[in-house]
Amino acid sequence: MPKITFIEAGQEHGRVVDADVGISVMEAARNVGIAGIAADCGGACICGTCHVHVDAMWRDRVGPPTDIEIATMDFSEDVRSESRLSCQIKVTEDLDGLVLRVPGA
Ligand code: FES
């Protein structure tokens, strides 16, 4: 099962989460109560409250945001080139070891 590390705002160390293949990264975060991932719209890509920063080592593998994500991130804070909406990233075996920061961290 892929492991994803979330570094919550204000924390130096990440929380390692087991994530089922096929769910979204947002769902993996919400399952364990990662702080700062409110996911108010439940993954419909309309709220921007599941925003994460993708670690530099993982940006190519995760890929860039879609046009819809970019538009929705207008509602997010601290948007950067490494920003993605975690509800739009599907967990795959390839993402085992992924490191994400919750904005503000
Ligand atoms: S959960 Fe609302 S945009 Fe991702």
Side-chain angles (χ1 to χ4, degrees):
M1 184 180 291
K3 294 187 184 305
I4 299 174
T5 299
F6 293 91
I7 303 172
E8 297 167 298
Q11 302 298 312
E12 282 184 31
H13 302 289
R15 286 174 64 187
V16 180
V17 174
D18 290 319
D20 287 316
V21 169
I23 68 171
S24 71
V25 168
M26 173 276 282
E27 290 170 308
R30 209 168 54 171
N31 285 347
V32 297
I34 296 293
I37 306 289
D40 289 338
C41 76
C45 198
I46 55 174
C47 72
T49 63
C50 64
H51 175 209
V52 292
H53 295 152
V54 179
D55 183 83
M57 300 281 288
W58 287 91
R59 281 180 212 152
D60 285 348
R61 202 172 305 181
V62 171
T66 64
D67 289 346
I68 294 171
E69 265 182 88
I70 291 168
T72 300
M73 282 192 285
D74 278 348
F75 302 111
S76 307
E77 297 197 359
D78 196 13
V79 175
R80 306 176 186 181
S81 59
E82 64 265 35
S83 289
R84 288 291 311 264
L85 293 178
S86 60
C87 70
Q88 300 303 303
I89 306 171
K90 188 169 274 194
V91 175
T92 64
E93 292 290 354
D94 270 1
L95 294 186
D96 184 29
L98 175 64
V99 178
L100 303 167
R101 290 178 178 77
V102 180

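Whatever order the structure lists ligands and atoms in, that order sets their numbers, starting from 1.
Distance OG/Ser81 to NE2/His53: 9.0 Å, rounded to 0.5 Å. Note: Ser76 OG to Arg84 CZ = 12.5 Å, rounded to the nearest 0.5 Å. The CZ atom of Arg15 sits 4.0 Å away from atom CD1 of Ile34, with the distance rounded to the nearest 0.5 Å.
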>> For a side-chain contact (heavy atoms from CB on, under 4.5 Å) check, start with the C-alpha distance between Ile37 and Val52, then their side-chain angles and the critical distance, and finish with the verdict.
In response: CA-CA 8 Å; Ile37 306 289; Val52 292; 3.7 Å; yes
>> Under the criterion side-chain contact (heavy atoms from CB on, under 4.5 Å), I'd like the reasoning laid out for Ile4 against Leu100: C-alpha separation, chi angles, the key distance, then a yes or no.
In response: CA-CA 8 Å; Ile4 299 174; Leu100 303 167; 4.0 Å; yes
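Short contacts between ligand 1 and Cys87, defined as distances under 4.0 Å to a heavy atom of the residue, involve ligand atoms 1 (S), 3 (S), 4 (Fe). For ligand 1, the atoms closer than 4.0 angstrom to any heavy atom of Ile46 are 3 (S).
Residue contacts to atom 2 (Fe) of ligand 1: Cys50 brings no N, O or S atom closer than 2.8 Å. Residue Cys41: an N/O/S atom is found under 2.8 Å from atom 2 (Fe) of ligand 1.
Relative to atom 1 (S) of ligand 1, the option among Gly43, Cys45, Ser86 with the closest non-hydrogen atom is Gly43.
For the ligand labelled ligand 1, residue Ala44 lies outside the 4.0 Å heavy-atom shell.
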